[in-house]
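Here is the structure we will look at.
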Protein chains: 2
Amino acid sequence: MDVTMKDVAKLAGVSLSTVSRVLNDSSLVREETAHKVKKAVKKLDYQINDSARILRTNTSNLIGVIGAGMERPFLANLLKGIEAEAREKGFALIYGDSDGEFEKEQNYLNIMKQKKIDGIILITTNYYNDLLNIVKNYQIPVVFASGYISDPEIPCVTVDNVAAAYDVVDYLTRAGHKEIAFIKGPDLDLLASQERLRGVKLALRIAQLPYNSGRFIEGDFTFESGYSAAEKIMRKFPKITAIFAFNDEMAVGAIRYLKENGYQIPDDIAVVGFDGIELGKYTLPTLTTIEQSGYQLGLKSIELLDKIIAEEELEDNKVFIPHKLVVRESINKLSAKELASIKNKEVLVTNN
Amino acid sequence: MDVTMKDVAKLAGVSLSTVSRVLNDSSLVREETAHKVKKAVKKLDYQINDSARILRTNTSNLIGVIGAGMERPFLANLLKGIEAEAREKGFALIYGDSDGEFEKEQNYLNIMKQKKIDGIILITTNYYNDLLNIVKNYQIPVVFASGYISDPEIPCVTVDNVAAAYDVVDYLTRAGHKEIAFIKGPDLDLLASQERLRGVKLALRIAQLPYNSGRFIEGDFTFESGYSAAEKIMRKFPKITAIFAFNDEMAVGAIRYLKENGYQIPDDIAVVGFDGIELGKYTLPTLTTIEQSGYQLGLKSIELLDKIIAEEELEDNKVFIPHKLVVRESINKLSAKELASIKNKEVLVTNN
DNA sequence: TTGTACGCGTTATCAA
DNA sequence: TTGATAACGCGTACAA
C-alpha cells in the first residue's frame, strides 16, 4: 500500500488534521509544526491520494478535452496550447477523441462526468447542439473552441471565420480574380467551415460576383481531398483563376495537383489556404493563407474556462482570436495603390 | 449533489450492495432484481462516482501519457493511435506535455501517480534514464514508445531505427551516391535520432565510405531547421549529391531551400526523409522516406501496456513496428538489377 | 439471493 | 494552534 497521511502524521508526531492543514497551506499552523510535517512528507515521499480528495471536495482540477481530427496540424497546436495553459493554471487534462461521432462524444462526456472534471473544452462540432444539451444538463462549465456558437449562454473561443474568409475573397477580387473556386469542408463538419462559407458569400456579393454553389467542392481537410478537389475543379471549370481552400492542407494538396498538371502558380491559378500552419512557409510556392494561432486558441480557451470555473465575472463569453491574411507566393500581390484601399482592414502583406 | 447509489437503491427498493452488484455485473443477483435496479439507474441518470470507486479499488482505468513535441505530425498520429486503442480497451487518457523538460516530466509523473493511473506511456526521451528510475520506484506499469530501451526490464515499442536508417543509406550508396550529408536530431533529444545515426554509420562502413562527423548537421525536427541545415550543407559541402534528413519535416524544409536556390531534385541532390507523414505524398517532388505508422505505434503501445497491467505473460517486452523505404520522386530509382541485389530486404519501391 | 457494516484516504466541523 | 470524529460514495466480507 502507498504512504498515506496517517503515516506522515505518525512520523511527524501530529494528528491527521494537522497534516491536512499543512498540505493545504492553512495559516492556522505553527511554523515549527509545519516544518516537522513537511520533513516527514519528504522523507516518506508522500503523495496525496487524489481520489480521496476529490471524493471529499468534489473538485478534481481536471479538465476534459473532447476533440476530433486532432492530428491535423492546426488542431495539434490547439491541443498544445490547451495543455500548456492548463498546466500553468494547475489543471491536468483528460483527453478523448470523438472521431466526430456523437456516440463517442456522449461516452466521453459520461466518463468525464464520473471523474468529476471541473470543466470541459469541446473541439468537436458535428452534433454540437445535441452536445450542448447534455453539457447543460450536466452543469459542467464548458467552452467551445471550434467555431462561433450563437447560443448566448455558451462560451466559445474562435477566430472570426466570416471576416477572415471575407478578407481572402476581397483580396482576390481586388486583384482581379472573377472566376474563383472553393474547397470547403464536409457539410456535416466544422462550424468553422460553414462560417467561412458565409464570409465567402458576403464578399462575392459585395464584389458583385455571382454565387455559384457548384464551385464549392467538398473536401475533408486532408491533403488528399484537396488534391482531388482541385482535379474536379479544373475539369469542370477550366476558366478558374483562383482557388480558395478552407484549410492549408487542402490548399497544399491542390497545389500539388496543379503543378503536376502544368499550371503555373500563381500566374495561371492563385491558391489560398486557411490556418497558417508552419508547412505553408516551406512549400513551393509558399502558401498564402489566413494565419491564426491554434496555440493561442487553446490558451484562450483554458483562460476562459478557468474564469468560468472560478465563477469570475466575464467580460464576454465570446472570445475572438486574431487572424491575418498572409500573402505569400501562391497569389499575386496587389499593387500598393490597390492595397491602400483595404489598408484599414489590417491585412498583413509579407513574403515571410 | 449528484445522484448516488443510495438514491438508486431507494428507488429500486433494494440495498446498496445489490445496486453495486448489478453495476459490476455480479452473477449473484436475480434477474428480476437486476432489472429493477437498471431501471432506477436509467431513470435517475445515475453516474458512478469514479473517485469513490478508485479509492476503494485502487484501480482507475486511467492511462497516463507523457510526451513532447506531440504537435509534430508523426507524434500526433501516435497520440491518435494511443487514444483509439485505449478507448477500445476501456481506458481513459490523461495527457501531459513535458516540452522535453525533466522537471515537467517529474511533475506529471507525480500528478499521475496521485491519480492512481494503471499504467503510463512515455514518449519523451531526453532524460529517460532518470525517468526510468522514478517510474521503477513508483511501480507503475510503463511502456516507452519512442526508441529502443536497452534495459531488459523496460518494455518499449518502436520502429527499428537502426535498420531503417541503414536501408536508406544502403539504397543511396547503391544508387551511386558517395557524398551524402545528414540532418540529424538534437544531440540531447530523441533516442530515435541516435539510433538512426547508428544505422547510417553502419551502412557507410559497409559501403566503405568514410564517416565524417562534420556532415551531420543538427536540426530540431522542424521545417525551419531542415531549411537552414540544407543551407549550411550546401555551403560547406558543395559536392554533396544526397541529403538524408532524420524526419520528413526537415526533409521538406531542405527541399524548399534547394529548389529556392536552383538545385534540381533529385538530379542535383537527392533527398530522403523519415516517418512517412502524409505531406510527403504532396510535395513537389514527392518525398522518399521511411514509412512507419505512428498510429500503429500508439496502438501497439497500449496493447503491450494493457497486457502488462493485466499481468499477462509477455512474449517479448520489446516490440518493433514495421517500416518500409518508400521511394518517391525525391531520389532516382535503382534499376531493376541493382534493386534485385537488395530485394531480400523487402524494400518497397513505389511511386505512390 | 440479499442486506449490514466497515473501511478506502481525505477534508471539514467542532471542541479543546 | 491542535486533535478527534464524521462525512464523501463505493466495494466487499460476512451474516442472514
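Just so we're clear, the structure is a prediction, and the values are computed from it rather than from any experiment.
- Computed from coordinates, the K36(A) NZ to dT2(D) C1' distance equals 11 Å when rounded to whole Å.
- Contact between the side-chain N/O atoms of Y46(B) and the OP1/OP2 oxygens of dG9(D) is not found at any separation under 4.0 Å.
- Between K36(A) and E32(A) no salt bridge is recorded (no basic side-chain N to carboxylate O distance below 4.0 Å).
- Of the options T4(B), D7(B), D2(B), a side chain to side chain contact (heavy atoms under 4.5 Å, CB included) to L44(B) is made by D7(B) and by none of the others.
- DNA chain D is contacted by both G13(A) and A52(B); G13(A) maps to the nucleotide lying nearer its 5′ end (nearest heavy atom per residue).
- Between R53(A) atom CZ and dC8(C) atom C1' there is a gap of 16 Å when expressed in whole angstrom units.
- Dashed line: the shortest gap from a side-chain N or O of N58(B) to OP1 or OP2 of dC8(C) is not under 4.0 Å.
- Applying the 6.0 Å contact sphere to NZ of K80(B) captures more than 12 heavy atoms from other residues, nucleotides or ligands.
- Within 4.0 Å (heavy atoms only), I48(B) reaches sugar-phosphate atoms of the nucleic acid but no base atom.
- The phosphate of dT10(C) has neither OP1 nor OP2 within less than 4.0 Å of any side-chain N or O from S20(A).
- Whole-Å rounding puts the D25(B) CG to dG11(D) P distance at 12 Å.
- As rounded to whole Å, 18 Å separates atom P of dC8(D) from atom CE of M5(A).
- Side-chain atoms of R56(A) lie closest to dC8(D) of the nucleotides dC8(D), dT2(D), dG9(D).
- A close approach under 4.0 Å does not occur between any side-chain nitrogen or oxygen of N49(B) and OP1 or OP2 of dC8(D).
- Regarding contacts with the backbone of dG11(D), every side-chain N or O of T57(B) stays at 4.0 angstrom or more from both OP1 and OP2.
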Given salt bridge (charged side-chain N to carboxylate O under 4.0 Å, His left out), test K116(B) with D50(B) step by step and report yes or no.
CA-CA 12 Å; K116(B) 298 271 181 265; D50(B) 228 36; over 6 Å; no
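- Minimum atom distance to the side chain of S17(B) is reached by dT4(C), of the listed dT2(C), dT4(C), dC8(D).
- Within 4.0 Å (heavy atoms only), I54(B) reaches no atom of the nucleic acid at all.
- In this structure, CG of D2(B) is placed 8 Å from P of dG9(D), rounded to the nearest angstrom.
- The L55(B) side chain lies nearest to dG9(C) when the options are dG9(C), dT1(D), dT11(C).
- A straight line from NZ of K6(B) to P of dC8(D) spans 6 Å, rounded to a whole angstrom.
- In this structure, D151(B) does not pair ionically with K318(B), as no charged nitrogen and carboxylate oxygen lie closer than 4.0 Å.
- Atom NZ of K115(B) and atom P of dG9(C) are 17 Å apart (whole Å).
- The shortest side-chain heavy-atom distance between Y108(A) and D97(A) does not fall under the 4.5 Å cut-off.
- Look at CG on D50(B): it is 19 Å from P on dC8(D), rounded to the nearest Å.
- Ranking dT1(D), dG9(D), dG3(D) by closeness to the T33(A) side chain, first place goes to dT1(D).
- The base of dG3(D) sits within donor-acceptor range of the side chain of R21(A), with an N or O pair under 3.5 Å.
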